[in-house]
There are 2 protein chains.
Amino acid sequence: MTSDETRLNPRKAPRQGRSRATCAAILEAAARILETEGGHGLTTNHVAALAGVSVGSLYQYFPGKQAILAELIRRMRQEMLADFEQAALEARGRDLAFAIDALTAASLRHHLRRPALAQALEREEPELQLDDEIHALKARMRELIIDVLRDRNVAEPERTGMDVMALARGMSEAAIQAGQRDFDDLQRRLGRAIRGYLGLAVPSLVGEPRQEG
Amino acid sequence: MTSDETRLNPRKAPRQGRSRATCAAILEAAARILETEGGHGLTTNHVAALAGVSVGSLYQYFPGKQAILAELIRRMRQEMLADFEQAALEARGRDLAFAIDALTAASLRHHLRRPALAQALEREEPELQLDDEIHALKARMRELIIDVLRDRNVAEPERTGMDVMALARGMSEAAIQAGQRDFDDLQRRLGRAIRGYLGLAVPSLVGEPRQEG
DNA sequence: TAGAAACGCGAGCAATTGTTCGCATTATTG
DNA sequence: CAATAATGCGAACAATTGCTCGCGTTTCTA
């Protein structure tokens, strides 16, 4: 049987400048297709055509379209993890509220860079048999969040971290899908949701009922 | 050009009992494939084979696989809306906390019935050019939530409703993906998140910091 | 500068998937 | 029980997509 390695990893590394450009063009074309047509438009011929290279060249570096997708996801996850590590670092020694702001800012920067691409990759991710490396990246991300919470005395950091990540992701996706792009507004709402979940004080959205039925 | 109607609607309605059974078998087979293999396994031949009918029969009732998917989504949304309408009805005259419980319970019942199917359909939905009917179902659902909030004096019910739906969806999806199936536990967590977002009192998860680094 | 290695090409074959059509079978109708 | 309509069938054709391979070109290397 063919292992994940064989199916999902680049076939060979480009050694010269032009081949690096070819690889880059292929990945960029795949990204653009995901943005504009979704996963169904992602065919090897289509990618190659949009990249301005031949299919032959494509197959020289990627064993198939899954490998292209895997590479895009890998990079996305790497970038995301780096952003979060940076945020966690900035928040060292600061309180929970500060850490939440730093992390939500990192998350939003990530989602707002190429909104449609981020959405598409997250949608395709579960369809893929995940690479060990991608698994590891996601695990480190989770650990990072959990540590931030644990260091600040949050109860049940594992489950809390999972819930907080999940609700933030849900809100970000929906907002971006709806075309919202106002960073500060989004961050306020994410912050409210997370603080609220944790039981921190949050200004109420509920007014006094005027009258009853 | 072929309209959405042509592409997404059933081709003709079954009139006899056996053809109704055929249609049902096709839809059920498609559902099972989505559950076990995801959207990529959903091919017309595959569906027909698993349903125990011939492709010819399949095409007699559905113009293509998109139509099958659209029908599954339509039914899912109809069911969901019905559940929510029922919950909103039960909550008539009751306070916000009660309404939240009723609605989250409805949502969870929906997600827990066939977890993998619900996930798969929600993932496939955005790839499809949505039917007007499906759009309408989603709009009614949104209106229902907004009305529940507005009736209880929640500020900015449109945006609040959107955020609350989004965070609940994010949490449900993640939890179910992680294999969690404990209804009461999930409802508690969803309730906490929603109440917290709204600024209602929620027990804190944050302990007093013991000491500083 | 010659030989080797890396790279790029795209026609074309292989494999998969989508769809139709004529005919057999079963139900309905009058 | 005809006549007619509804249903079911699946081989076969069409379209799409995946992928290879031989050959020409560019870059590197010694």
Side-chain angles (χ1 to χ4, degrees), chain A residues 1-2 6-30 33-34 36-71 124 127-129, chain B residues 1-3 6-30 33-34 36-72 124 127-129:
Chain A
M1 112 183 190
T2 349
T6 309
R7 284 203 320 274
L8 297 181
N9 281 355
R11 194 169 258 176
K12 75 178 178 190
R15 304 194 175 278
Q16 303 177 357
R18 57 180 173 153
S19 53
R20 264 188 296 276
T22 298
C23 275
I26 289 167
L27 289 169
E28 177 55 28
I33 289 171
L34 285 174
T36 57
E37 307 175 41
H40 292 311
L42 198 78
T43 72
T44 49
N45 290 296
H46 193 174
V47 169
L50 186 60
V53 306
S54 81
V55 267
S57 299
L58 186 154
Y59 278 97
Q60 207 149 46
Y61 303 103
F62 301 96
K65 68 171 182 177
Q66 298 199 338
I68 300 174
L69 205 46
E71 181 64 23
E124 296 300 322
E127 302 261 7
L128 216 61
Q129 247 53 3
Chain B
M1 118 183 187
T2 349
S3 72
T6 309
R7 283 202 321 273
L8 297 181
N9 282 351
R11 196 169 253 175
K12 75 178 179 191
R15 304 193 175 279
Q16 302 177 0
R18 57 182 172 149
S19 54
R20 263 187 297 274
T22 297
C23 276
I26 289 168
L27 290 169
E28 178 55 27
I33 289 170
L34 285 174
T36 57
E37 307 176 40
H40 292 310
L42 199 78
T43 71
T44 48
N45 289 292
H46 193 173
V47 169
L50 187 60
V53 306
S54 81
V55 267
S57 298
L58 186 154
Y59 276 96
Q60 206 146 47
Y61 302 104
F62 301 96
K65 69 171 182 177
Q66 298 198 340
I68 299 175
L69 205 47
E71 182 64 22
L72 284 176
E124 296 300 322
E127 303 260 7
L128 215 60
Q129 247 52 4

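Lettering of chains follows the sequences in order, A, B, ..., and the numbering in each one begins at 1. All values below were derived from every heavy atom in this structure, side-chain atoms included, with hydrogens, water molecules and symmetry-related copies excluded. All values derive from a computational prediction rather than experimental measurement.
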Let me know the distance between [atom1] of [X] and [atom2] of [N], rounded to the nearest Å.
X	N	atom1	atom2	result
B:R7	C:dG18	CZ	P	15 Å
B:E37	C:dT17	CD	P	10 Å
B:I33	C:dT17	CD1	P	11 Å
B:L42	C:dT16	CG	C1'	15 Å
A:R20	C:dG8	CZ	C1'	16 Å

Please round to the nearest 0.5 Å and tell me the distance separating atom [atom1] of [X] and atom [atom2] of [Y].
X	Y	atom1	atom2	result
A:T36	A:L50	OG1	CG	7.5 Å
A:L42	A:Q66	CG	CD	10.5 Å
B:L58	B:N45	CG	CG	9.0 Å

Worksheet item: When you measure from the side chain of A:S19 to the backbone N and O of A:T22, does any donor-acceptor pair fall under 3.5 Å?
Response: no

Measuring from the side chain of [X] (C-beta onward, heavy atoms only), which nucleotide among [options] has the closest atom?
X	options	value
A:S54	C:dT19, C:dG10, D:dA6	C:dG10
A:K12	D:dT20, C:dC7, C:dG18	C:dC7
B:V55	D:dA11, C:dG18, C:dG8	D:dA11
B:V53	C:dC7, C:dT19, D:dC9	D:dC9

[X] versus [Y], closest heavy-atom pair with distance:
X	Y	result
B:A30	B:L72	CB-CD1, 3.9 Å
A:Y59	A:G64	CE2-CA, 4.1 Å
B:P14	B:C23	CG-SG, 4.0 Å

Worksheet item: For DNA chain C, which residues in residues 57-67 of chain A have a heavy atom at a distance below 4.0 Å?
Response: A:S57, A:Q60, A:Y61

Discussion item. Please determine whether a side-chain nitrogen or oxygen atom of A:T44 lies at a distance below 4.0 Å from atom OP1 or OP2 of D:dT17.
Written reply: no

Discussion item. Between A:L27 and A:E71, is there a side-chain heavy-atom distance shorter than 4.5 Å?
Written reply: yes

Item to complete: Evaluate the side-chain proximity of A:K65 to A:V47: yes if any heavy-atom separation is below 4.5 Å, no if none is.
Response: no

Could you run down the sub-3.5 Å N/O contacts of the protein with nucleotides 23-30 of chain C?
from   : atom 1 : to    : atom 2 : distance (Å)
C:dT26 : O2     : B:R18 : NH2    : 3.4

Worksheet item: With a non-hydrogen cut-off below 4.0 angstrom, is A:S19 in contact with a base, only sugar-phosphate, or nothing?
Response: sugar-phosphate

Response to the item:
Contacts of B:N45 and B:T22 projected onto DNA chain D by closest heavy atom; the upstream (5') one is B:T22

